[in-house]
Number of protein chains: 2
Amino acid sequence: MRSSRPTVLDVARLAGVGASTVSRCLRGGPHLRPEVQERILRAIAELGYEPNEVARSLRGGRTNTIGVVFPHIANTFFSLCIQQIEQEATRRGWTVMLLSHQESVAQQSKQLAVLRRSRVDGVILTPAPGSDPEQVRKELHGMPVVALDRPLWTGVDHVMLRNREAAEMATQHLLGHGYGEIACATASPEIYSFVERIAGYRAAMARAGLGDELILAEDYTRLRAAAGEALRRRPTLRAIISLSNMATFAVVQAIRDVKHEGEREVAMIGFDDVDFATLVEPAITVVRQPTEAFGHEAVALLVQRLTEEAATPLQQRLLAAELVVRASCGCAYRD
Amino acid sequence: MRSSRPTVLDVARLAGVGASTVSRCLRGGPHLRPEVQERILRAIAELGYEPNEVARSLRGGRTNTIGVVFPHIANTFFSLCIQQIEQEATRRGWTVMLLSHQESVAQQSKQLAVLRRSRVDGVILTPAPGSDPEQVRKELHGMPVVALDRPLWTGVDHVMLRNREAAEMATQHLLGHGYGEIACATASPEIYSFVERIAGYRAAMARAGLGDELILAEDYTRLRAAAGEALRRRPTLRAIISLSNMATFAVVQAIRDVKHEGEREVAMIGFDDVDFATLVEPAITVVRQPTEAFGHEAVALLVQRLTEEAATPLQQRLLAAELVVRASCGCAYRD
DNA sequence: TTGTAAGCGTTATCAG
DNA sequence: CTGATAACGCTTACAA
């Protein structure tokens with residue numbers, strides 16, 4: 001079927017030149033006689049020659065590929081990041097190998113092994129919770145890495161959210177509306193970004209001289225139940241902030257659950273600008289993460305490190321979140 | 001930094017054997033003397049040897065990689081498919097190169113060129129609207145391909161939704177509720193799946209002896225406006241079906257827009273089981289696409305074709321959609 | 001059973 | 001300015 005494709009040698013023969021001359025012509029080498037270049041280009045066109053990147057990679061020791069390992073692919077936060085990464089990588093002429101670890105350290109190890117054997121030039125990684133940084137460092141085996149959304153170890157580039165500030169901002173906003181009791185809901189509280197956001201929430205509450213109430217669960221089904229329970233247990237609880245898109249979903253459901261049992265207004269601020277934020281009533285005020293910047297910066301940083309001559313200083317991109325004020329926080333403003 | 005990694009030769013030398021023996025040992029070759037195998041494994045462990053997949057690919061002419069080209073990555077339908085594809089590919093020991101064409105034929109051409117030069121073994125493709133099948137066939141240059149969600153040409157494997165049946169089912173359901181005037185909303189009506197779904201909707205309306213009303217637009221902002229306009233223009237219009245997750249979003253907004261202007265109940269059935277379906281009031285009845293099956297089947301089909309001995313007959317997987325009945329269609333049932 | 005050698009398609013090096 | 005040649009790391013004949 002696919003009769004083996006033409007090689008530089010075929011082109012060289014047809015053009016009546018040596019293989020290395022063809023190679024130079026392709027790579028835009030220094031000075032070729034115009035006439036020769038002409039012949040080569042004609043031969044390339046005639047044969048439909050296209051360079052074999054695999055051979056190039058073997059020869060050059062570089063694959064022009066970056067490995068991307070995320071916890072999940074369909075989660076809106078990550079899928080938006082991936083979208084940006086793919087676009088930015090394509091724009092710069094790089095190729096993306098996409099893998100996921102499902103929050104499992106074991107699966108992460110396997111995926112890093114795949115990347116090692118594939119000899120990708122660099123990695124963008126959102127490490128699984130419980131990762132041992134030293135272990136990951138070994139598993140990377142010298143491949144440059146950019147940590148995205150969660151830290152790896154000081155010594156590698158990071159692209160992260162200002163998590164504490166983000167959660168503080170949301171909490172402050174609710175406090176500004178006069179809410180005294182504010183709960184904070186998340187699943188998987190061991191995940192770094194949630195740890196940080198919890199800290200931010202607590203800091204804001206403490207500064208206001210108020211106690212905190214955490215609503216935690218192992219997964220999002222349970223989080224919905226736990227949030228409902230918390231609301232029923234504390235009738236004076238009138239405000240909740242959630243720490244992720246999934247948690248926002250669960251909290252909205254919980255508030256609705258409780259509402260169905262009797263009138264009860266509960267203010268909330270969500271995390272991530274999920275699409276349903278403007279659809280529910282009232283529209284949800286959310287902390288928006290700059291997903292485009294996450295993807296763009298991660299690729300930019302990694303490519304810079306991969307193409308740099310001299311060692312670039314360590315880069316820590318700390319991205320600011322933005323409060324998108326709608327109605328659920330108690331603001332009069334309506335989308 | 002990364003002092004060049006050990007090769008088979010290093011392992012061979014350390015184990016005091018030939019390179020091919022190491023290779024055989026790795027590939028689970030036939031009969032090795034246990035003692036030799038022992039020595040090799042020890043050497044591998046000691047050196048931390050890992051096979052270079054690039055060299056393997058060059059030598060073997062196969063990359064163990066599948067190229068995946070989708071219109072978008074962050075659209076929930078596609079991101080769910082991608083998730084499945086990645087998982088299924090990983091499970092089977094394949095690797096995924098992810099690319100997007102943004103519904104642009106030109107961009108699609110570029111991405112297929114990337115796949116050709118990368119020598120991926122096969123491709124999963126959702127072609128951009130306006131693709132010339134013959135052109136795509138040439139651009140694939142003999143690489144096996146599975147068309148996902150949209151057709152390529154008879155002669156390649158397909159994984160598609162039973163689009164007509166899906167839209168008919170939704171329309172029928174609305175008709176069953178007694179709605180006579182039912183509109184059908186979608187952006188980009190030139191995209192294959194939407195063409196088919198429109199046909200299904202029309203067939204159901206025609207069978208009921210009713211006229212159809214299409215609400216079309218170039219993008220989803222305009223679709224929201226167009227749907228609102230349609231509702232205002234025809235006060236007797238009380239039901240709408242939408243043909244995609246994005247259209248569902250736009251229609252929900254439009255209905256809400258109109259509702260705000262005065263009491264008006266509009267029934268609807270959405271497409272794709274978007275997360276906001278259960279959050280809005282009333283919960284949205286939707287046509288659910290089996291995204292797991294899309295991803296799973298696409299990989300299964302492609303891998304089968306890539307590893308087959310004899311030519312497998314053409315496969316056309318036509319997946320059935322499922323009507324997830326909630327409340328927005330007029331059913332009493334509440335989630 | 002095991003080792004030797006050729007070659008996958010490129011490109012860097014080094015003569016001409 | 002251009003052409004032969006030698007790797008890159010692996011596997012598959014073919015010998016031994």
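Throughout, protein chains are lettered first and strands after them, A, B, ... in sequence-line order, and every chain is numbered starting at 1.
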query: DNA chain C: B/Arg39 or A/Pro51, which has the more 5' nearest nucleotide?
result: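 Looking at the nearest nucleotide for each, B/Arg39 comes out on the 5' side.
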Are the side chain of [X] and the backbone N or O of [Y] linked by a donor-acceptor pair below 3.5 Å?
X	Y	result
A/Ser118	A/Val120	no
A/Thr90	A/Gln87	no
A/His101	A/Thr126	yes
A/Asp157	A/Gln315	yes

Nearest whole angstrom, please: distance from the [atom2] of [N] to the [atom1] of [X].
X	N	atom1	atom2	value
A/Leu26	D/dT2	CG	P	15 Å
A/Arg27	D/dT2	CZ	C1'	18 Å
B/Leu9	D/dC10	CG	P	9 Å
B/Glu50	D/dG9	CD	P	14 Å

task: Would you list the pairs meeting ring pair (Phe, Tyr, Trp, His ring centres under 6.0 Å) in which at least one residue belongs to residues 40-75 of chain A, sequence neighbours left out?
output: A/Phe70-A/Phe78
Just by distance, with hydrogens left out, do [X] and [Y] show a side-chain donor and acceptor under 3.5 Å apart?
X	Y	answer
B/Glu139	B/Ser109	yes
B/Gln111	A/Glu86	yes
A/Gln102	A/Ser100	yes

query: How long is the span from the CD atom in A/Glu88 to the CD atom in A/Glu297, to the nearest 0.5 Å?
result: 9.0 Å
Between N or O atoms, less than 3.5 Å apart, protein on one side and nucleotides 14-16 of chain D on the other: list the pairs.
none

message: Applying a 4.0 Å non-hydrogen cut-off, can you work out what A/Val17 is touching in the nucleic acid: base, sugar-phosphate, or nothing?
response: sugar-phosphate
- prompt: Contact class for B/Val36 vs. all strands (heavy atom < 4.0 Å): base, sugar-phosphate, or nothing?
  reply: sugar-phosphate
message: Reading DNA chain C in the 5' to 3' direction, which nucleotide is the first one with an atom under 4.0 Å from a heavy atom of chain A, and which is the last?
response: C/dG9 to C/dT13
task: Test B/Trp94 against every option in B/Leu302, B/Asp121, B/Thr63 by the side chain to side chain contact (heavy atoms under 4.5 Å, CB included) rule and name the one that passes.
output: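 Of the listed options, the one satisfying the test is B/Asp121.
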field: Test: A/Arg117 and B/Glu50 ion pair at under 4.0 Å
entry: no
- prompt: Bend across the helix from C/dT1-D/dA16 to C/dG16-D/dC1, to 10°, with axes taken over 5 pairs at each end?
  reply: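 Between the axes fitted at each end of the helix from C/dT1-D/dA16 to C/dG16-D/dC1 lies an angle of 50°.
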task: Among B/Glu190, B/Glu196, B/Glu103, find the residue that satisfies the salt bridge (Lys or Arg N to Asp or Glu O under 4.0 Å) test when tested with B/Arg150.
output: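 So, applying the salt bridge (Lys or Arg N to Asp or Glu O under 4.0 Å) to B/Arg150 and each of B/Glu190, B/Glu196, B/Glu103, only B/Glu103 qualifies.
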Under 3.5 Å, which protein N or O atoms sit close to an N or O of nucleotides 5-8 of chain D? Give each pair with its distance.
unit_1, atom_1, unit_2, atom_2, d
D/dA7, N3, A/Arg59, NH1, 3.4
D/dC8, O2, A/Arg59, N, 3.3

message: So, using side chain to side chain donor-acceptor pair (under 3.5 Å) as the criterion, who are the partners of B/Asn64 when residues are at least two apart?
response: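 So B/Asn64 forms no side chain to side chain donor-acceptor pair (under 3.5 Å) with any residue.
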- request: Would you tell me if any nitrogen or oxygen in the side chain of B/Arg56 comes within less than 4.0 Å of OP1 or OP2 on D/dG9?
  value: no
